[in-house]
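To start, the structure itself, in structure tokens.
Just so it is clear: chains get the letters A, B, ... in the order the sequence lines come, proteins before strands, and each one is counted from 1. The shown structure was predicted, so the numbers you read here are calculated from the model rather than taken from an experiment. Heavy atoms only: backbone and side chains are in, while hydrogens, waters and symmetry mates are out.
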There are 2 protein chains.
Amino acid sequence: MTEDAPAAAGSARTQAPAGARKRDAAATRAAILRAAREAFTERGYDGAGVREIAGAAGVDTRLISRYFGSKEGLFAEVVDIAYEKSLLMTPELNEEAARALLLGMDKAASDGLLLTLRSAANPRAAAVMRESIERNYQRRLADALPGAEATGRASLLIAICAGVLLDRMLLGHTALNSPSTETLVPYLRAALDAVAKAPEEEGKPGEEA
Amino acid sequence: MTEDAPAAAGSARTQAPAGARKRDAAATRAAILRAAREAFTERGYDGAGVREIAGAAGVDTRLISRYFGSKEGLFAEVVDIAYEKSLLMTPELNEEAARALLLGMDKAASDGLLLTLRSAANPRAAAVMRESIERNYQRRLADALPGAEATGRASLLIAICAGVLLDRMLLGHTALNSPSTETLVPYLRAALDAVAKAPEEEGKPGEEA
DNA sequence: CTTGCATGTCCACCACTGTGGACATACGCT
DNA sequence: AGCGTATGTCCACAGTGGTGGACATGCAAG
């Protein structure tokens, strides 16, 4: 009770086999985390219940409270993990980023954004995610961006990607899920480029019609 | 019970004063709709409860069931109304659209998207919104877009706007809510232009780095 | 005025949510 | 081997969610 991460606090026996052991806190934690990631990604913060998560993980509901303090604590850890391996939009990667967003199946890469979309309605969850995004994702992306105002532009890029994912995955926009969706790739890439590239090295973004 | 809109079915007395009348089905419906729009926009489909909505409207909870069938029915009507006066992104309006999205206060215009964002987590609500977006918003926008693949590009534009709103309003991204946010306007406009403008009249969207 | 119908009001139900304390068990150390 | 302690398991609570049927009421027509 004195700490939140008993698994990390276990001094000598932390190196458990992590296999099908029954009495392994680390494995239990991992199982909960895994189930929670799936549940939160699919149903959102409000939609996913602790009983459901615990059930999917094959553990008791109480373990969640014990290990993560609360549902919100669990969510925070899930969010942090999800954003560690998120899609990156650098000027060089915009083509494949656009392709991945519009046609893409790279579930791992889009999990972070998807998680965000599904849970954004809850203010508590939104705060947790904002903090995590700014700390992990946005900062990493800003470092990869050339030119000035990198942080703001990184946020813009994230926003654009999130929006596309929103329409495609959540709303199920038919126009974004049809065979002709591939036609849209260059447009999306152009939009990403407009933000990702430094203003100098493109044809000046502010070009009037 | 035979129809969903008893107000429209009211033959002779439909022309009620709509004032502070107590016995006016049309006014009651309108009040519920108004309260529901606010509640759904602020808390999302799952977050807003029928009791809360009825309370805000000053009516009884049962009226919602009676007039709209269910919470979902009420939501569907709210969504339809919200998208009637939504932000439009045409090539000529991208500047102000970008400004409105990043700095904007035009609550009425962004209500539709905001509503969508906050309720997208619920699959039922998502389906309702997708249908409404495609029927109202996207189609209207596609008609205003020049060039080919207008429908897909309209979806893309909607997605981008939704994403920006998501980061700004829901997540509360600090980078998108700071004084320097104005600096990002040209970037966002460029991104919108890249999609809204016909490929020919711009400098070819697919320009490699 | 009386009657018929729509309009509004109350109740309760059942399902489900997240959270907490007390107890049995198995592992690791001595 | 025995013990300590972490690890896992159980129930119950209080609160809230949406939904439905039976009753009182006011308006309009006969």
Side-chain angles (χ1 to χ4, degrees), chain A residues 1-32 36 39-40 43-55 57-75 121-122 124-125, chain B residues 1-18 20-32 36 39-40 43-55 57-75 122 124-125:
Chain A
M1 257 101 136
T2 54
E3 21 205 330
D4 291 327
S11 52
R13 53 180 300 284
T14 310
Q15 46 184 354
R21 285 280 291 270
K22 265 307 182 56
R23 204 81 175 190
D24 189 346
T28 303
R29 259 186 73 96
I32 295 176
F40 283 139
R43 301 192 179 76
Y45 181 80
D46 290 323
V50 290
R51 287 177 176 82
E52 167 195 356
I53 294 174
V59 304
D60 188 87
T61 310
R62 304 259 39 74
L63 276 316
I64 292 183
S65 292
R66 194 197 296 263
Y67 284 159
F68 301 93
S70 66
K71 185 185 183 183
E72 190 174 330
L74 171 61
F75 183 71
N122 187 297
R124 215 84 71 83
Chain B
M1 257 93 129
T2 53
E3 21 203 329
D4 291 329
S11 51
R13 53 180 303 281
T14 310
Q15 45 184 354
R21 285 279 291 269
K22 264 312 184 53
R23 206 80 174 189
D24 187 345
T28 302
R29 260 185 72 96
I32 294 176
F40 284 141
R43 301 193 178 73
Y45 181 79
D46 290 322
V50 290
R51 288 176 176 85
E52 167 194 356
I53 294 174
V59 303
D60 189 89
T61 310
R62 301 263 19 80
L63 277 316
I64 292 183
S65 291
R66 196 196 295 264
Y67 283 158
F68 302 93
S70 65
K71 184 186 183 183
E72 188 173 334
L74 172 60
F75 183 72
N122 188 297
R124 215 83 72 82

- Passes side-chain contact (heavy atoms from CB on, under 4.5 Å), A:Val50 versus A:Leu74? Steps please. CA-CA 10 Å; A:Val50 290; A:Leu74 171 61; 5.7 Å; no

- Query: Between the base of C:dT9 and the side chain of B:Arg66, is there a donor-acceptor distance below 3.5 Å?
  - Reply: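 Yes, a donor-acceptor pair under 3.5 Å.
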
- Query: Roughly how far apart are A:Asp46 CG and B:Arg43 CZ, rounded to 0.5 Å?
  - Reply: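 These two atoms lie 12.5 Å from each other.
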
For atom [atom1] of [X] and atom [atom2] of [N], their distance in whole Å:
X       : N      : atom1 : atom2 : result
A:Arg43 : C:dT17 : CZ    : P     : 11 Å
A:Leu63 : C:dA26 : CG    : P     : 16 Å
A:Ile64 : C:dT17 : CD1   : C1'   : 13 Å

- Please name the pair of heavy atoms, one in A:Ala39 and one in A:Glu52, separated by the smallest distance, quoted to 0.1 Å.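 Scanning both residues completely, I find the closest heavy atoms to be CB-OE2, 4.1 Å.
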
Report all side-chain donor-acceptor pairs from residues 57-65 of chain A shorter than 3.5 Å, counting only partners two or more places apart or in another chain.
| from | atom 1 | to | atom 2 | distance (Å) |
| --- | --- | --- | --- | --- |
| A:Asp60 | OD2 | A:Arg62 | N | 2.8 |
| A:Arg62 | NH2 | A:Ser65 | OG | 2.8 |

- Message: Which label fits B:Tyr45 and B:Phe40: parallel for a plane angle under 30°, tilted from 30 to 60°, or perpendicular past 60°?
- Response: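 Aromatic pair B:Tyr45/B:Phe40 classed parallel.
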
- Task: With sequence neighbours left out, write down each residue that passes salt bridge (charged side-chain N to carboxylate O under 4.0 Å, His left out) with B:Arg124, or none if nothing qualifies.
- Result: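 Only B:Glu72 meet the salt bridge (charged side-chain N to carboxylate O under 4.0 Å, His left out) criterion with B:Arg124.
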
- Task: Sugar-phosphate atoms are those with a prime plus P, OP1 and OP2; base atoms are the rest. Using that split, label each nucleotide of nucleotides 10-20 of chain D B, S or - for protein heavy atoms under 4.0 Å, 5' to 3'.
- Result: B-B----BBBB

